[in-house]
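Both counts, for ligands and for their atoms, begin at 1 and track the order of listing. These numbers come from a predicted model, not from an experiment. Hydrogens, waters and symmetry mates play no part in the numbers below; they use all other heavy atoms, side chains included.
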Amino acid sequence: MLDQIRDLYQEVVFDHNRNPRNFRVIDDATRKIDGFNPLCGDRITLYLKLRDGVIEDVSFQGQGCAISTASASIMTEVVRGLTEQQAHELFATFHRITTGQDDDVKLEDLGKLAVLAGVRAYPARVKCATLAWHSLEAALADEATTVSTE
Ligand code: FES
């Protein structure tokens, strides 16, 4: 991995962990889900407000490591305003890049998410980076109130 991406990754994770965006409750959320990583015990609660198939608002709360907090923070920024289908597609792409399954994806097309591709250098942390995303997928599917990374 390029040193530049790794440096940027560390910088962005640090910033979003120290100052998480959308770290709040949505009182009139239409979906709420608890995401859990049993390996470490970290949890996040994700709030979604959907209107006509569009993510009108999204936020999170909880206790997590720096990477899970930063990833959740970035995710809330990038999925607001997307349709459910667009968010689902972004999750699929994000999952592929974080697990290193897709080297063809153009990092420049991913905007802020590209930085999180840096997690590939730390395979043990991929579940941290995807905790919020699995929670989002589950919330969109509306099939559960709790989701686990395992
Ligand atoms: Fe628990 Fe990262 S160490 S989610």
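Taking Tyr47 as the reference, Val25, Ile26, Ala29, Lys32, Thr45, Ser59, Gln61 meet the side chain to side chain contact (heavy atoms under 4.5 Å, CB included) condition, with sequence neighbours excluded. Annotation: salt bridge (Lys or Arg N to Asp or Glu O under 4.0 Å) contacts of Asp28 (sequence neighbours excluded): Lys49. The ring-ring contact (aromatic ring centres under 6.0 Å, His included) test applied to Phe91 returns His95, His134, not counting sequence neighbours.
For the atom pair CG (Leu140) and CD (Glu84), the distance works out to 5.5 Å, reported to the nearest 0.5 Å.
Using a 4.0 Å cut-off between a side-chain N of Lys or Arg and a carboxylate O of Asp or Glu, Arg43 and Asp34 do not qualify as a salt bridge. Using a 4.0 Å cut-off between charged side-chain N and carboxylate O, Lys127 and Asp42 make no salt bridge.
Within a radius of less than 2.8 Å around atom 2 (Fe) of ligand 1, the protein N, O or S atoms are Cys65 SG, Cys128 SG.
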